[in-house]
Amino acid sequence: MAKGNGTPLTDELYGYMLGHNPPLDPVQRMLVEVTHTQLPLVAGKQVAEEQGPLLAFLVRLTGARRIVEVGTFTGLSALSMAQALPPGGTLLTCDVSEEWTRHAREAWEKAGVADRIELRIAPALETLRGLPAEPHIDMAFIDADKDNYVAYWDELVPRMRPGGLLVVDNVFYHGGVTDPDATGLAAAIRDFNAHVKADDRVDSVMLSIADGLTLARRR
C-alpha cells in the first residue's frame with residue numbers, strides 16, 4: 001500500500017518540528033530531565049516531547065473543563081493539560097505508583113496547578129467505575145497498562161459528553177500491531193484498535209504521532 005506523500009521523520013526534521021512547536025516551559029523541561037535522570041529504566045513511559053503541547057492544544061481547542069487521565073507516571077501529560085484548563089477546570093489522574101507520582105506532585109506544585117489536579121492512587125478501573133455514570137467528561141487521555149485499554153475505554157466512553165474527546169497513546173505499540181500473530185501487549189493493543197474501529201459510539205482517527213495516537217469524538 002502506498003504511503004502517500006508522507007515524509008520520513010529524520011532527527012533533523014524532528015528537531016525542526018520541536019523548534020516550531022510551543023517549547024516546554026522550565027517546569028516541564030525539569031520534569032523531563034528528572035524522569036530520565038532518576039528513572040532511566042522506565043523513562044520511556046513519559047509522553048514524547050511533542051505530545052505535551054498537543055494535549056494542551058486539544059484542551060484549549062475543545063474547551064475541556066473536566067479531564068480524566070488514565071496513567072500518570074511522572075506527570076508531564078497531566079501538567080500540560082492542567083496548564084491549559086480554563087478557570088475552574090479540573091483534571092483527575094489515575095496511577096498505582098507513589099514513587100513515580102511523587103515527581104508529578106512536585107512538578108505540579110512548582111507550576112502552580114496542583115489545585116486543579118486530583119491524583120488517585122488506586123487501580124484505575126476502580127476509580128473509573130466509581131465516577132458518575134452520566135456523560136460529564138469533556139476529555140480523556142489513556143496511557144497506562146496496555147492490557148486494560150479496552151476496559152478503560154468501555155468505562156470512559158459512556159461517561160463522555162457528546163462531542164467529548166478521547167486521546168489514546170501507544171496504539172502502534174512500537175510497530176507490533178502489524179503482526180497478525182502478535183502476543184502479549186502488542187496483541188492487546190491490536191485488539192483495542194479493532195475495538196475502537198468497530199465502536200459506533202465514536203468517530204475516530206489514528207495518527208502517526210510518536211508511538212501512534214488515536215483521537216475519538218463521542219457521538
Glu98 side chain near Ile121 side chain, heavy-atom distance below 4.5 Å: yes
Donor-acceptor under 3.5 Å (Arg219 side chain, Asp200 main chain): yes
Qualifying residues under side-chain contact (heavy atoms from CB on, under 4.5 Å), relative to Arg159, sequence neighbours excluded: Leu131, His136, Ile137, Glu155
Worked verdict on Gln46 versus His36 for side chain to side chain contact (heavy atoms under 4.5 Å, CB included): CA-CA 9 Å; Gln46 191 170 63; His36 282 81; 3.7 Å; yes
ILVMFWY network linking Leu54 to Ile67, side-chain heavy atoms under 4.5 angstrom: yes
Rounded distance [0.5 Å steps], CH2 in Trp100 versus OG1 in Thr74: 9.5 Å
Residues forming a side-chain contact (heavy atoms from CB on, under 4.5 Å) with Val96, sequence neighbours excluded: none
From OG (Ser77) to NZ (Lys45), nearest 0.5 Å: 13.0 Å
Pairing of Asp138 and Arg65 as salt bridge, 4.0 angstrom limit: no
Phe141 with Met160, same ILVMFWY side-chain cluster at under 4.5 Å: no
Shortest non-hydrogen contact between Ala210 and Ala48, atoms and distance: CB-CB, 3.9 Å
For Ala111, side-chain contact (heavy atoms from CB on, under 4.5 Å) partners two or more places apart: Val27, Leu79, Gln83, Val113
Co-membership, hydrophobic cluster, residues Ile142 and Val150, 4.5 Å side-chain: yes
Non-hydrogen atoms of Asp147 and Ala188 that approach each other most closely: CA-CB, 3.8 Å
Where at least one partner belongs to residues 105-123, residue pairs that pass side-chain hydrogen bond (donor to acceptor under 3.5 Å, both in side chains), sequence neighbours excluded: Glu118-Arg120
Nearest-0.5 Å distance that lies between atom CD1 in Ile189 and atom OG1 in Thr214: 9.0 Å
Cluster link Leu92 to Leu55, ILVMFWY, side chain under 4.5 Å: no
Minimum-distance pair of heavy atoms, taken over all atoms of Ile117 and Ala78: CD1-O, 4.2 Å
Check: Val70 and Leu156 side chains under 4.5 Å, non-hydrogen atoms: yes
Residue pairs fulfilling side-chain hydrogen bond (donor to acceptor under 3.5 Å, both in side chains) with at least one residue in residues 174-189, sequence neighbours excluded: none
Distance, nearest 0.5 Å, that separates CG of Leu39 from CZ of Phe73: 5.0 Å
Show every donor-acceptor pair shorter than 3.5 Å between a side-chain atom in residues 163-170 and any protein atom, with sequence neighbours excluded, or say none if there are none.
from	atom 1	to	atom 2	distance (Å)
Asp169	OD1	Gln51	NE2	3.0
Asp169	OD2	Gln51	NE2	3.4
Asn170	OD1	Lys146	NZ	2.8
Asn170	ND2	Asp211	OD2	3.0

Student check: side-chain heavy atoms of Tyr152 and Asp145 closer than 4.5 Å: yes
Flag, side chain of Thr101 to backbone of Ala104, donor-acceptor distance under 3.5 Å: no
Residue list, salt bridge (Lys or Arg N to Asp or Glu O under 4.0 Å) with Asp199, at least two apart or on another chain: Arg201
All pairs passing ring-ring contact (aromatic ring centres under 6.0 Å, His included) where residues 37-59 contributes a residue, at least two apart: none
hydrophobic_cluster_shared for Leu215 and Val196, side chain cutoff 4.5 Å: no
Minimum side-chain heavy-atom gap Tyr173-Arg190 below 4.5 Å: no
Pair Val202-Trp153, side chain to side chain contact (heavy atoms under 4.5 Å, CB included): steps then yes or no: CA-CA 11 Å; Val202 301; Trp153 176 269; 3.8 Å; yes
Side chain proximity check, Val171 to Val177, heavy atoms < 4.5 angstrom: no
Gap separating the CE atom of Met30 from the CG atom of Asp25, nearest 0.5 angstrom: 9.5 Å
Which residues share a salt bridge (Lys or Arg N to Asp or Glu O under 4.0 Å) with Arg217, sequence neighbours left out: Asp203
Pairs involving residues 86-97, ordered by first then second residue, that meet side-chain hydrogen bond (donor to acceptor under 3.5 Å, both in side chains) (sequence neighbours left out): Glu69-Thr93, Thr72-Thr93
Spacing of CD belonging to Glu134 relative to CZ belonging to Arg161, to within rounding of 0.5 Å: 14.5 Å
Shortest non-hydrogen contact from Pro135 toward Pro158: CG-O, 3.6 Å
Check: His103 and Thr35 side chains under 4.5 Å, non-hydrogen atoms: no
Side-chain heavy-atom pair Val68, Met139 within 4.5 angstrom cut-off: no
Close side-chain approach of Arg29 to Glu49, heavy-atom, < 4.5 Å: yes
Ring pair (Phe, Tyr, Trp, His ring centres under 6.0 Å) partners for Tyr16, two or more places apart: His20
Shortest non-hydrogen separation from Ala84 to Ala56 and the atoms involved: CB-O, 3.5 Å
Residues that Tyr149 engages under ring pair (Phe, Tyr, Trp, His ring centres under 6.0 Å), provided they are two or more places apart: Phe192
Gln28 to Pro23 - nearest heavy-atom pair and separation: OE1-O, 4.2 Å
